[in-house]
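Here is the structure we will look at.
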Amino acid sequence: MVGGFLFILVQLILIIDLAHSWSQSWLLRAEDGNTKCWYAALVICTFLLYAASIIAIVFMYIYYTKSNECVHNKVFISLNLIFCVIISIVSILPKVQDAQPHSGLLQASIITLYTMYVTWSAMANVPEQNCNPTLLAIATNTTSASSSTSAQWWDAPSIVGLAIYIICTLFISLRSSNNQQVNKLMLTEESSGDMSGPTMEDGGVYRAYDNEEDSVSYSYSFFHFCLVLASLYIMMTLTNWYLPGYDGSYLTSPWSAVWVKISSSWVGLLLYLWTLVAPLILSDREFN
């Protein structure tokens, strides 16, 4: 569970970088030409992402809360809703826009939708059937559940979680980030070791040679550490973050899984907020 939580943090960094890269790419294309089309695309995508977030909030209030029960779910949804409104407002403040002209509501809408997913995923682990309609039968301590031959092992949050994992993996595999710190973390930036540089051959063609005799362009230990975290995250997702019961005949959905996911959503919101206000707080540093 600890390894899964750590990988969620890595995944959060990728999603925040994806949000910034997406917005920056479209704004730069809008400046190069065909301005109306690119700005219209930005507005439409932002609207759709916020609309999806609002629909998710409504459904979570309907299915995961009761009028006189499920106080914890009401608190989780309400707090994250308030936090998402705050980061959306901060992203369009004049001072933030002056420090980061490419920041805007598109990034905030992506983070908002991801936060709603994490909130939903956390509530799907709440071990109370009346507050969690998606709690699987295999996670209840009943004879019928333990003896059922058609027990369902997958729930919707787990499927969505694996899809997000695949998207983040493809994102970091197919491109390098525009952010130097993200490149260093994700090992997509060339090291400063003594590598053989590009050499001109006959015909004026440059070919890069890297025999990695002295050093490699990434850290073996950190790379495989990330693979270990990814494996732990997949194991937790495949088992829906459940734990075996005392005698092994049933599974339980622990509160620890709920708090791991909810806390990761708060960490993600803080990380995104930091990317917005850091240039204002640390004005002596270069954030380009």
Side-chain angles (χ1 to χ4, degrees), residues 1-22 80 107 110-125 134 136 138-139 152-191 210 212 215-244 251-272 274-275:
M1 188 174 292
V2 174
F5 172 73
L6 293 176
F7 184 78
I8 289 177
L9 299 184
V10 175
Q11 191 170 253
L12 284 167
I13 295 174
L14 293 178
I15 291 175
I16 293 173
D17 181 56
L18 170 63
H20 282 295
S21 300
W22 182 3
N80 280 352
Q107 298 99 309
I110 296 173
I111 303 303
T112 297
L113 184 58
Y114 181 75
T115 300
M116 292 303 109
Y117 156 71
V118 176
T119 306
W120 172 43
S121 179
M123 292 189 301
N125 278 111
T134 55
L136 301 185
I138 57 175
Q152 180 185 354
W153 280 92
W154 285 83
D155 59 355
S158 297
I159 297 173
V160 176
L162 285 178
I164 294 175
Y165 164 79
I166 293 172
I167 292 172
C168 289
T169 304
L170 290 175
F171 171 70
I172 198 60
S173 300
L174 297 178
R175 64 177 295 282
S176 294
S177 170
N178 294 328
N179 185 283
Q180 185 178 7
Q181 284 73 27
V182 176
N183 282 336
K184 289 180 179 179
L185 176 64
M186 296 295 107
L187 313 170
T188 56
E189 185 177 54
E190 293 183 0
S191 68
D210 183 5
E212 296 187 340
S215 62
V216 294
S217 57
Y218 64 94
S219 168
Y220 279 143
S221 57
F222 186 77
F223 175 73
H224 288 286
F225 177 68
C226 286
L227 290 183
V228 170
L229 297 183
S231 300
L232 295 174
Y233 172 79
I234 292 176
M235 283 191 284
M236 295 303 297
T237 303
L238 291 176
T239 56
N240 300 307
W241 295 73
Y242 292 166
L243 295 177
L251 298 176
T252 61
S253 184
W255 275 104
S256 55
V258 178
W259 286 109
V260 161
K261 294 180 180 181
I262 283 294
S263 60
S264 68
S265 71
W266 295 337
V267 171
L269 291 168
L270 285 174
L271 283 173
Y272 175 66
W274 175 248
T275 65

For side chain to side chain contact (heavy atoms under 4.5 Å, CB included), just list the numbers for Phe7 and Gln11, CA-CA rounded to whole Å, side-chain angles, deciding distance to a tenth of an Å, and then say yes or no. CA-CA 6 Å; Phe7 184 78; Gln11 191 170 253; 4.0 Å; yes
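Scanning both residues, Pro254 and Leu243, for their nearest heavy atoms gives CG-CD1, 3.7 Å. The minimum heavy-atom distance linking Asn80 with Ser265 is given by the pair ND2-OG, 3.5 Å.
Separation of atoms CD1 (Ile8) and CG (Leu232) is listed at 11.5 Å; rounding is to 0.5 Å. The distance from atom CD1 of Ile262 to atom CE of Met123, rounded to the nearest 0.5 Å, is 7.5 Å. Here CG of Leu270 is found 11.0 Å from CH2 of Trp274. Values are rounded to the nearest 0.5 Å.
In this structure, the side chain of Asn125 does not engage the main chain of Tyr242 through any donor-acceptor pair within 3.5 Å.
Residues forming a side-chain hydrogen bond (donor to acceptor under 3.5 Å, both in side chains) with Ser264 (at least two apart in sequence, or on another chain): none. Considering only residues two or more places apart in sequence or on other chains, Ser121 meets the side-chain hydrogen bond (donor to acceptor under 3.5 Å, both in side chains) condition with Lys261. Residues meeting the side-chain contact (heavy atoms from CB on, under 4.5 Å) test with Ser231, sequence neighbours left out: none. Judged as a side-chain contact (heavy atoms from CB on, under 4.5 Å), and not counting sequence neighbours, the contacts of Leu227 are Phe223, His224. By the side-chain contact (heavy atoms from CB on, under 4.5 Å) test, Ile16 pairs with His20, Ile111, Leu271, Tyr272, Thr275, sequence neighbours left out. Every residue was checked against the ring pair (Phe, Tyr, Trp, His ring centres under 6.0 Å) condition with Phe5, not counting sequence neighbours, and none meets it.
Between Tyr114 and Tyr117, the angle of the ring planes lies from 30° to 60°, which puts this pair in the tilted group. Trp241 and Tyr233 have perpendicular rings, their planes meeting at more than 60° on a 0 to 90° scale where under 30° would count as parallel.
Around CH2 of Trp259, the count of heavy atoms belonging to other residues, nucleotides or ligands within 6.0 Å does not exceed 12.
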